[in-house]
Amino acid sequence: MVTSEDDKLPRILVVDDSRMVRATIVKLIRGRFEVREEPDGEAGWETLLVDPGIDLVLTDIGMPRLDGYGLLERIRASKVARVRELPVVIISGDEDESARERALTLGANGFVTKGAGSVELLATLTSLVRLSKAQLELERSRAALARQSPVDPETGLASEGYLQHRASQVEAESLRRQTDIAALVIELDQFDELVDRYGAHVVQLIVRKLSKMLTGRIRAEDTLSQHSASQFALLSPGIDRVSSCAFALRLRSSVEKLVMGYREERIRITLSIGVANAVVDGRSAVSELLGLALERAAAARAAGGNRVVADAGEVDADSIERALGRLVSIDGALRQVRAGARDEVERQLPEIIAALMPLLELIESKTHCGLPLRHLDALKNRSAADGDDDDGESTRTSI
């Protein structure tokens, strides 16, 4: 006979150094709950880490190695949500009100004295298990709704489901228009250390501020989602490697300069960013691009953080700036030609030719239309030689 999830007895971890007390508790709740026993807080903690079936913890206070208060503190500070959110009931022979207050302050869900009868104990355990299961079902419903909704209700960013939907649209558009796709994974460095030092609530505020910063810097056609507690995924259609790396560098630099105040401290954060592009990486699937970006963000973090890593390794800011300068010069030249300022453009022709050479070579290789590449290359090289005698001043248009 197959037992459904609803038919299973709730599983309770009983932690007490007295074998007699544990036996008494088992006798009182037998038939209503499945029980696992441990003799002290340290053993109880180890059990919680390896046994995902525990529904509630019932623990004594005075125990060797780790007492009940210490076990409760560990549970509530756990980075594992399954453990952190478990109901915990303190059972103690001490009826002192201060003991009860301390337990509740540390996050206990209930407090029962060892002299209490089976009715009180069963009522406390049953109500807490039911409440826990109801909260779990609510979280599952919210998660299912978030997968269907375009917006994650927790972060206000794109939901995981919408990101997948948008990915299929971007892939089809890229194939139709022969355009590039950029995928970035943006990770907050030293996340665990920040949580240990300032607490999960403060770090959550930092992540929220970072989220707002990112949202204010992306285009309407971009899609941003929170990939994990410390990571964001950004999907940008029509953006080439140079532009996506330039964006990542600007973002990294802005965050590096950001100072946030908390009480008497000034908190500085840095980012590790992985960048992938469909054209240079030879991948058309967004899922594969995000996977590459995730690996590169991990490589940036492993190298010390505060870095941008793309297809060729850590991104060189100077080379990206030079490439952007060439791209902007072409864009500016086109505007000048349309405006009739041909003389200005003629003075920049050698630099424009140098920037366009890779494109012209590709056109010639595909069409064999007889472009004078050698002549154009000579003009480009002559410009470089002549440029050695100038004063090095140049005008660059910002993006």
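As a basis for the values below, the full set of heavy atoms in this structure was taken, side chains included, without hydrogen atoms, waters or symmetry mates.
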J.: Heavy-atom distance under 4.5 Å between the side chains of V89 and P87, does that happen here?
T.: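 No; the side chains remain at least 4.5 Å from each other.
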J.: Would you mind reporting whether L106 and R76 have side-chain heavy atoms less than 4.5 Å apart?
T.: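 The answer is no; the side chains never approach within 4.5 Å.
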J.: Kindly indicate whether the side chain of I320, heavy atoms from C-beta on, has any atom under 4.5 Å from the side chain of R241.
T.: yes
J.: Start with the C-alpha distance between L235 and I181, add both sets of side-chain angles, then the distance that settles side chain to side chain contact (heavy atoms under 4.5 Å, CB included), and finish with yes or no.
T.: CA-CA 8 Å; L235 178 60; I181 305 172; 3.7 Å; yes
J.: When hydrophobic residues are tied together by side-chain contacts of less than 4.5 Å, even through go-betweens, does I186 share a cluster with V203?
T.: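 Yes.
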J.: Which atom names give the shortest non-hydrogen contact between P52 and R82, and what distance separates them?
T.: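 It is CA-NH1, 3.5 Å.
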J.: Output the distance between atom CZ (R217) and atom CG (L234), rounded to the nearest 0.5 Å.
T.: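 Answer rounded to 0.5 Å: 12.5 Å.
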J.: Under a single-linkage definition using a 4.5 Å side-chain heavy-atom cutoff for Ile, Leu, Val, Met, Phe, Trp and Tyr, are L13 and L71 assigned to the same hydrophobic cluster?
T.: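 Yes; tracing contacts between hydrophobic side chains, which count when under 4.5 Å, links both residues.
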J.: Identify whether V207 and L251 are in the same connected component of the hydrophobic contact network (ILVMFWY, side-chain heavy atoms under 4.5 Å).
T.: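 Same cluster: V207 reaches L251 through Ile, Leu, Val, Met, Phe, Trp or Tyr contacts under 4.5 Å.
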J.: What verdict does the salt bridge (charged side-chain N to carboxylate O under 4.0 Å, His left out) test give for D281 and R296, after you've listed the backbone C-alpha separation in whole Å, the side-chain angles of each residue and the deciding distance to 0.1 Å?
T.: CA-CA 12 Å; D281 287 306; R296 290 165 185 173; 2.7 Å; yes
J.: Any chance you could lay out the side chain to side chain contact (heavy atoms under 4.5 Å, CB included) test for L163 and L290, step after step, and finish with the verdict?
T.: CA-CA 11 Å; L163 181 65; L290 286 171; 4.3 Å; yes
J.: Does CZ belonging to R176 count more than 12 external heavy atoms closer than 6.0 Å?
T.: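 Buried by this count: over 12 neighbours within 6.0 Å.
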J.: If every non-hydrogen atom of G62 is compared with every non-hydrogen atom of D17, which pair is closest and at what distance?
T.: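 Taking G62 first and D17 second, the nearest heavy atoms are O-OD1, 3.6 Å.
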J.: Is it true that a side-chain atom of S127 and a backbone atom of A123 form a donor plus acceptor pair closer than 3.5 Å?
T.: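 It does hold such a pair.
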J.: Within the distance-only criterion (no hydrogens, no angle test), does the side chain of S92 pair as donor or acceptor with the backbone N or O of T113 below 3.5 angstrom?
T.: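 No, the answer is negative, given that no donor and acceptor are paired below the 3.5 Å cut-off.
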J.: Any heavy-atom pair between the side chains of M260 and L205 that's under 4.5 Å?
T.: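 No, side chains not in contact.
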J.: Compare every heavy atom of L224 with every heavy atom of S211, then report the nearest pair and how far apart it is.
T.: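 What the structure gives for the nearest pair is O-CD2, 4.4 Å.
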J.: Would you call R22 and D60 a salt bridge, taking side-chain N to carboxylate O under 4.0 Å as the test?
T.: no
J.: Within a 6.0 Å radius of atom CZ on R130, are there more than 12 heavy atoms belonging to other residues, nucleotides or ligands?
T.: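 No - once you tally the heavy atoms of other residues, nucleotides and ligands closer than 6.0 Å, there are 12 at most.
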J.: Before you tell me yes or no, could you show the steps for N277 and S244 under side chain to side chain donor-acceptor pair (under 3.5 Å), namely the whole-Å CA-CA distance, both residues' side-chain angles and the distance that decides it to 0.1 Å?
T.: CA-CA 8 Å; N277 286 88; S244 54; 3.0 Å; yes
J.: Within a strict 4.5 Å, meaning less than it, do heavy atoms of the E101 and E97 side chains meet?
T.: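 Of all side-chain heavy-atom pairs linking E97 with E101, at least one is under 4.5 Å.
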J.: Linking I/L/V/M/F/W/Y whenever any side-chain heavy atoms sit under 4.5 Å apart, do L58 and L48 land together?
T.: no
J.: To which residues is L292 joined in a hydrophobic cluster, defined by side-chain heavy-atom contacts under 4.5 Å among Ile, Leu, Val, Met, Phe, Trp and Tyr, whether direct or through other members?
T.: none
J.: Does F232 form a side chain to side chain contact (heavy atoms under 4.5 Å, CB included) with Q226? I'd like the steps, not just the answer.
T.: CA-CA 4 Å; F232 295 88; Q226 189 160 346; 4.0 Å; yes
J.: Donor-acceptor pairs under 3.5 angstrom involving side-chain atoms of residues 266-273: please list them, not counting sequence neighbours.
T.:
{"from": "T270", "atom 1": "OG1", "to": "D189", "atom 2": "OD2", "distance (Å)": "2.7"}
{"from": "S272", "atom 1": "OG", "to": "D189", "atom 2": "OD1", "distance (Å)": "2.5"}
{"from": "S272", "atom 1": "OG", "to": "R301", "atom 2": "N", "distance (Å)": "3.4"}

J.: Any chance you could measure S284, atom OG, to D180, atom CG, to the nearest 0.5 Å?
T.: 11.5 Å
J.: Please check this pair: side chain of E38 against backbone of D40, looking for a donor-acceptor N/O pair closer than 3.5 Å.
T.: no
J.: Within the distance-only criterion (no hydrogens, no angle test), does the side chain of N109 pair as donor or acceptor with the backbone N or O of V88 below 3.5 angstrom?
T.: yes
J.: Crowded around K209 NZ? As in, over 12 foreign heavy atoms under 6.0 Å?
T.: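 No.
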J.: What do the steps show when you test R252 against N306 for side chain to side chain contact (heavy atoms under 4.5 Å, CB included), and what is the final call?
T.: CA-CA 7 Å; R252 182 198 64 82; N306 200 24; 3.3 Å; yes
J.: Side chain to side chain contact (heavy atoms under 4.5 Å, CB included) with V315: which of V275, V242, L249?
T.: L249
J.: State the CZ-CD1 distance between R36 and I54, to the nearest 0.5 angstrom.
T.: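 Interatomic distance, R36 CZ to I54 CD1, rounded to 0.5 Å: 6.0 Å.
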J.: Look up atom CD in E187 and atom CG in L210, then write down how far apart they are to the nearest 0.5 Å.
T.: 11.0 Å
J.: Could you check whether R74 pairs with E42 (Lys NZ or Arg NE/NH1/NH2 to Asp/Glu carboxylate O, under 4.0 Å)?
T.: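 E42 and R74: salt-bridged.
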J.: Show the nearest heavy-atom pair for residues F111 and A103, with the distance to one decimal.
T.: CD1-CB, 4.0 Å
J.: Under a 3.5 Å distance rule, please check whether S365 uses its side chain to pair with a backbone N or O of L362 as donor and acceptor.
T.: yes
J.: State, yes or no, whether a side-chain contact exists between P10 and E34 at a heavy-atom distance under 4.5 Å.
T.: no
J.: I'd like to know if W45 and L86 are part of one continuous hydrophobic network [Ile/Leu/Val/Met/Phe/Trp/Tyr, side-chain heavy atoms within less than 4.5 Å].
T.: yes
J.: Which atom pair, heavy atoms only, marks the closest approach of G68 to I90?
T.: O-CD1, 4.5 Å
J.: Is the closest side-chain heavy-atom distance between R197 and V202 below 4.5 Å?
T.: no
J.: Which distance, rounded to the nearest 0.5 Å, do you find between the CD of E171 and the CZ of R166?
T.: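 Taking CD in E171 and CZ in R166, the distance rounds to 11.0 Å.
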J.: Hey, are the side chains of F247 and I218 touching, using non-hydrogen atoms and a 4.5 Å cut-off?
T.: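 Yes, close enough: below the 4.5 Å cut-off.
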J.: Once rounded to the nearest 0.5 Å, what's the spacing between atom CG of L125 and atom CG of L121?
T.: 4.5 Å
J.: Tell me if a side-chain donor or acceptor on S253 pairs with a main-chain N or O of R250 at a distance below 3.5 Å.
T.: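 Not a single qualifying donor-acceptor pair exists.
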J.: On a heavy-atom basis, which atom in R219 and which in D222 lie closest, and how many Å separate them?
T.: NH2-OD1, 2.7 Å
